[in-house]
Amino acid sequence: QMQLVESGGGSVQPGGSLRLSCAASGFTMDEYAIGWFRRAPGKEREGISCISSSYSIKYADSVKGRFTISRDNAKNMVYLQMNSLKPEDAAVYYCASGRYCSGYTLYPPSLWGQGTQVAVSS
């Protein structure tokens, strides 16, 4: 069974950091692009970063310079290091796999994780 599982969410103060992980099982990640998305309360889900199978990386302007996406194909893992977190970063974060990155988002996303909650408040 192909599956993605996110972890690492939590509650931090503004300016804090979190590292999200996305673990794949049932398939090998190295042939896929992986994207990170988030959905804030009352808002549409948005793509924020994408890493292709060839390690090309893009970020949305809202997270550029603060978030870092990386992948470890040997471990079948993708990570999102989030620094300098802001209250507006609070959301449920999802990873997804697909064939290609289209800019900083995944096209088309074919498999989704269940999400991990990130809260940012003082």
Side-chain angles (χ1 to χ4, degrees):
Q1 180 183 358
M2 297 172 62
Q3 193 174 11
L4 293 171
V5 178
E6 302 92 337
S7 61
S11 181
V12 296
Q13 294 184 338
S17 297
L18 284 172
R19 187 197 196 202
L20 305 184
S21 298
C22 173
S25 59
F27 69 106
T28 53
M29 265 187 174
D30 57 358
E31 297 180 4
Y32 294 87
I34 305 294
W36 282 99
F37 297 76
R38 67 186 181 186
R39 178 178 282 155
K43 294 188 177 181
E44 297 285 323
R45 183 163 55 192
E46 61 173 348
I48 56 171
S49 185
C50 192
I51 184 167
S52 72
S53 58
S54 60
Y55 292 83
S56 176
I57 291 172
K58 297 288 186 182
Y59 299 98
D61 287 345
S62 59
V63 305
K64 195 176 295 181
R66 300 187 299 121
F67 290 12
T68 302
I69 191 172
S70 61
R71 65 191 300 160
D72 185 339
N73 288 340
K75 295 183 179 179
N76 234 19
M77 298 284 292
V78 170
Y79 306 98
L80 186 69
Q81 178 67 43
M82 305 188 299
N83 297 329
S84 302
L85 282 161
K86 304 175 181 180
E88 53 263 42
D89 294 318
V92 179
Y93 283 72
Y94 302 87
C95 65
S97 64
R99 295 298 293 170
Y100 307 105
C101 293
S102 177
Y104 56 79
T105 194
L106 191 64
Y107 180 80
S110 57
L111 179 67
W112 291 91
Q114 84 291 345
T116 186
Q117 180 80 50
V118 171
V120 185
S121 67
S122 53

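Positions are given from 1 along the sequence.
Crowding of Arg45 atom CZ: a count of heavy atoms from other residues, nucleotides or ligands under 6.0 Å exceeding 12.
Judged purely by atom type and a 3.5 angstrom limit, Ser49 uses its side chain to pair as donor or acceptor with the backbone of Lys58. Side-chain atoms of Thr116 do not come within 3.5 Å of backbone N or O of Ser7 as any donor-acceptor pair.
Applying the ring-ring contact (aromatic ring centres under 6.0 Å, His included) rule to pairs touching residues 96-122 yields Phe37-Trp112, sequence neighbours excluded.
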(request) Evaluate the side-chain contact (heavy atoms from CB on, under 4.5 Å) criterion for residues Trp36 and Glu6: first the C-alpha distance (whole Å), next the side-chain angles of each, then the deciding distance (0.1 Å), finally the verdict. (result) CA-CA 10 Å; Trp36 282 99; Glu6 302 92 337; 4.0 Å; yes

(request) Report the C-alpha separation of Ser62 and Arg38 in whole Å, then their side-chain angles, then the decisive distance to 0.1 Å, and conclude whether the side-chain contact (heavy atoms from CB on, under 4.5 Å) test is met. (result) CA-CA 12 Å; Ser62 59; Arg38 67 186 181 186; 3.6 Å; yes

(request) Check the pair Cys101 / Ser56 against side-chain contact (heavy atoms from CB on, under 4.5 Å), numbers first and verdict last. (result) CA-CA 8 Å; Cys101 293; Ser56 176; over 6 Å; no

(message) Apply side-chain contact (heavy atoms from CB on, under 4.5 Å) to residues Asn76 and Phe27 and explain how you reach the verdict.
(response) CA-CA 9 Å; Asn76 234 19; Phe27 69 106; 5.7 Å; no

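For the pair Ser17 and Gln81, the minimum side-chain heavy-atom distance is below 4.5 Å. Using a 4.5 Å cut-off on side-chain heavy atoms (C-beta onward), Leu4 and Val78 make no contact.
For the atom pair CD1 (Ile69) and SG (Cys95), the distance works out to 9.0 Å, reported to the nearest 0.5 Å.
Under the 3.5 Å distance criterion, with hydrogens and angles disregarded, a donor-acceptor pair is assigned to the side chains of Asn73 and Tyr55.
Between Ala40 and Ala90 the shortest heavy-atom distance is CB-O, 3.6 Å.
Shown here are the side-chain hydrogen bond (donor to acceptor under 3.5 Å, both in side chains) partners of Ser121, two or more places apart in sequence or in another chain: there are none.
A salt bridge does not link Lys86 with Asp89: none of the charged nitrogens is closer than 4.0 Å to a carboxylate oxygen.
Hydrophobic clustering of Ile, Leu, Val, Met, Phe, Trp and Tyr side chains at less than 4.5 Å, counting indirect connections, keeps Leu20 apart from Val5.
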